[in-house]
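What's counted below: heavy atoms across the whole structure, side chains too, no hydrogens, waters or symmetry copies. This one's a predicted model, so the numbers in the text were calculated from it and none came from an experiment.
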Amino acid sequence: MPQQTGAADPAADPNSRPPERRRLRAAAVTVALGAALFLVGAIALSPLDKDPDAAKDARSGASSPRGSIAALREDLRRLPDNPVGWAQLGMAYVQQGRTTADPAIYTKAESALRRSLKVQPRDNYQAETGMGALAAARHDFATALTWGRRAAATNPSNAAAQGVLADAYTQLGRYEESYRAVQRMTDLRPDTSSLARASYTWELRGDIPRARALMQRALNDAASPSDQAFARLHLATLAQESGDARAALREAESGLRGARDDAPLLEARARAHAALGHDRQAVADYTAAVAIAPLPQYVLGLGELQQSLGRDAEARAQYGILRAQEQVRRAGNAPADTDAILFEADHGDAGRAVTMGRAAVETRPFIAVQDAYAWALHRAGRDAEALPYADRALSLGTRGALYHYHRAMIHEGLGDTRAARKDLERALAVDPHFHPLHAPRARTALDRILDGIDDAS
């Protein structure tokens, strides 16, 4: 990250107190990009601009709180030429599309955002920011970057536009530019959204203590139940991916007390339960998450957990859902996400996974995509081609246990058992339960290598 100035900088000093934040106008909404957050490649965009009355309504249990789709549509029936209202509705639909895994909702989002731009074609930073968030939700990060730049030019004080830029730069592999956008965002508005992104920049580089401290600040700043759930989710993720499943379980359960039907938190708790050997609870939580939002990462997680437990019929049922989702994706010419690539590599046609990975990495060279493409190449027997991509996936210093395992298997395929041993030991040290199928395989591979060393001596 670029050198920072001043101890008050929240991205540089996670323990500093945030200055008085600016209050801008727009929608209160959280937009998450992609499949799962953080090490698998996505970041959340928490409210464009906070609306304290909306947060108050949400806490009081009002039937149509301010900022909800129902309330926004009612407002627009009375004021159909309100560009801010249409922008807010569009952003609310983006959020709904994320949580329901229904891409048709994004069509509604685009219609509302374009209506806002039609009513007010110029100086409409709310709609421009929304279009950027929508493009990112659709994994069109080049378009997201274009809209983010436009929104930032329209209103240089718009922190949410910097969030769109940060997300787009990250997914496009332009990390230094993403760090600068995060810094501008925290300078403008040090709240849950910007602090979460600052946390992520450090997680990408493997500095988990700093990432955790910033995420704790994001939790302390959270003004709404959704922001609190968001922060708890990522504290759980940081704990899980550091090998502390008990801490991950505590964070996920704390988040679920305020948001019991939050699918990402249910998945986080499922992963923690699985790592702790609580198989029944893990299956129940994964099943609940899939019922709420059948996102590929939840379906794949449940299927691979069932497979690890020897429940092959149940696993095949989940894999059937993923294959149906893949047919829909191909029919719509949507880009493949990392979960789809990894699923195809591990449970389908490795050659097809290579094709999917190549197309994905050309347009979205984020580290998670580099890793997925490397693994597809390995599964297709092309280890020499795979290694540079596996190296790029770890080039920032990310502590991704799965990434290290993937590179270890590539090294072993190339006959470099010394490098394979190093990566296997790193993967199991970071998180000994990083995957229900691959973690046991990592231990077997390490034993095989160590046995070979003993035999050679």
Checklist line | Pairwise distance CD(Q216) to CG(L195) - rounded to 0.5 angstrom | finding: 11.5 Å

Next item on the list: Describe, in one word, how the ring planes of H406 and H438 are oriented to each other, choosing from parallel (under 30°), tilted (30 to 60°) and perpendicular (over 60°).
Entry: perpendicular

Notebook entry, point to check: Counting distance only, does the side-chain N/O of T201 pair as donor-acceptor with the main-chain N or O of Y179 below 3.5 Å?
Noted result: no

Item checked: D191 vs D227 side-chain heavy atoms within contact, under 4.5 Å -> no

Checklist line | Stepwise side-chain contact (heavy atoms from CB on, under 4.5 Å) check, L424 with E412 | finding: CA-CA 10 Å; L424 287 168; E412 188 180 37; over 6 Å; no

Next item on the list: May I have all residue pairs that pass side chain to side chain donor-acceptor pair (under 3.5 Å) and include part of residues 313-323, sequence neighbours excluded?
Entry: Q307-Y319

Check: Quick one: do E326 and R352 make a salt bridge, cutoff under 4.0 Å?
Finding: no

Checklist line | For D261, side-chain contact (heavy atoms from CB on, under 4.5 Å) partners two or more places apart | finding: I292

Margin query: T287: which residues meet the side chain to side chain donor-acceptor pair (under 3.5 Å) condition with it, sequence neighbours left out?
Written below: none

Checklist line | Shortest non-hydrogen contact between G243 and D431, atoms and distance | finding: CA-OD1, 3.8 Å

Margin query: Can you give me the closest heavy-atom contact between P335 and H139, atom names plus distance?
Written below: CG-CB, 3.8 Å

Margin query: Could you measure the distance from the CG atom of D279 to the CD atom of Q306? Nearest 0.5 Å is fine.
Written below: 9.5 Å

Check: Just how far is it from atom NE2 of H278 to atom CD of Q281, taken to the nearest 0.5 Å?
Finding: 6.0 Å

Check: Hey, are the side chains of R392 and P388 touching, using non-hydrogen atoms and a 4.5 Å cut-off?
Finding: yes

Check: Looking only at side chains, do R441 and T444 share a donor and an acceptor under 3.5 Å apart?
Finding: no

Checklist line | Value rounded to 0.5 Å, distance of CG in L134 from CD1 in I105 | finding: 12.0 Å

Checklist line | R197 and S193 side chains, donor-acceptor separation under 3.5 Å | finding: yes

Notebook entry, point to check: Would a 4.5 Å heavy-atom cut-off, applied to side chains only, mark E241 and E203 as touching?
Noted result: yes

Hey, can you pull the donor-acceptor pairs under 3.5 Å for the side chains in residues 373-383, sequence neighbours left out?
unit_1: W375; atom_1: NE1; unit_2: D346; atom_2: OD1; d: 2.8
unit_1: H378; atom_1: ND1; unit_2: D383; atom_2: OD1; d: 2.6
unit_1: R379; atom_1: NE; unit_2: A345; atom_2: O; d: 3.1
unit_1: R382; atom_1: NE; unit_2: E385; atom_2: OE2; d: 2.9
unit_1: R382; atom_1: NH2; unit_2: E385; atom_2: OE1; d: 2.8

Item checked: Y298 side chain reached by L302 side chain, heavy atoms, under 4.5 Å -> no

Note to self: Could you check whether any side-chain heavy atom of Y403 comes within less than 4.5 Å of a side-chain heavy atom of I367, counting everything from C-beta outward?
What the structure shows: yes

Margin query: With a 4.0 Å cut-off on N to O distance, would you call R271 and D285 a salt bridge?
Written below: no

Note to self: Minimum heavy-atom separation for L113 and G90, please, with both atom names.
What the structure shows: CG-CA, 3.9 Å

Next item on the list: Take D167 and Q171, measure what side-chain contact (heavy atoms from CB on, under 4.5 Å) needs, and give me the verdict at the end.
Entry: CA-CA 6 Å; D167 297 338; Q171 297 295 320; 5.6 Å; no

Notebook entry, point to check: Rounded to the nearest 0.5 Å, what separation is found between the CD atom of Q162 and the OG atom of S178?
Noted result: 12.0 Å

Note to self: Do H234 and T237 have side chains that approach each other closer than 4.5 Å (heavy atoms only, starting at C-beta)?
What the structure shows: yes

Notebook entry, point to check: Do R358 and T355 pass the side-chain contact (heavy atoms from CB on, under 4.5 Å) test, and can you show the C-alpha distance, the side-chain angles, and the key distance before you say yes or no?
Noted result: CA-CA 5 Å; R358 183 187 305 114; T355 300; 4.3 Å; yes

Note to self: Taking D207 first and then R205, would you say they form a salt bridge - that is, a charged N and a carboxylate O separated by under 4.0 Å?
What the structure shows: no

Check: Can you check whether Y405 reaches L428 side chain to side chain, under 4.5 Å on heavy atoms?
Finding: no

Check: Nearest heavy-atom pair of M215 and A231: which atoms, and what distance?
Finding: CG-O, 3.9 Å

Check: How long is the gap from CZ on R399 to CG on L394, to the nearest 0.5 Å?
Finding: 12.0 Å

Check: If you look at every heavy atom in G148 and V164, which pair is closest and at what distance?
Finding: CA-CG1, 3.9 Å

Note to self: Closer than 3.5 angstrom, by distance alone: can the side chain of D337 be matched with the main-chain N or O of D339 as a donor-acceptor pair?
What the structure shows: no

Notebook entry, point to check: Between the side chain of T170 and the main-chain N/O of A166, is any donor-acceptor distance below 3.5 Å?
Noted result: yes

Notebook entry, point to check: Do R421 and E425 pass the salt bridge (Lys or Arg N to Asp or Glu O under 4.0 Å) test, and can you show the C-alpha distance, the side-chain angles, and the key distance before you say yes or no?
Noted result: CA-CA 6 Å; R421 174 185 175 181; E425 290 176 338; 3.0 Å; yes

Note to self: List the residues meeting side chain to side chain donor-acceptor pair (under 3.5 Å) with E251, not counting sequence neighbours, and say none if there are none.
What the structure shows: R232

Margin query: I'd like to know if the side chain of S111 and the backbone of T107 have a donor-acceptor N/O pair within less than 3.5 Å.
Written below: no

Next item on the list: Mind running side-chain contact (heavy atoms from CB on, under 4.5 Å) on L322 and L300 for me, showing each step along the way?
Entry: CA-CA 7 Å; L322 286 166; L300 182 57; 3.9 Å; yes

Checklist line | Exercise: identify the closest heavy-atom pair between A275 and Q240 | finding: CB-NE2, 3.6 Å

Check: Do the non-hydrogen side-chain atoms of R212 and S199 ever get within less than 4.5 Å of each other?
Finding: no

Margin query: Around atom CZ of R330, are there more than 12 heavy atoms from other residues, nucleotides or ligands closer than 6.0 Å?
Written below: yes

Notebook entry, point to check: By side chain to side chain donor-acceptor pair (under 3.5 Å), which residues pair with R443, not counting sequence neighbours?
Noted result: none

Next item on the list: Taking T192 for its side chain and A218 for its backbone only, find out whether a donor-acceptor pair lies under 3.5 Å.
Entry: yes

Item checked: Whether S308 side chain and L437 backbone form a donor-acceptor pair below 3.5 Å -> no

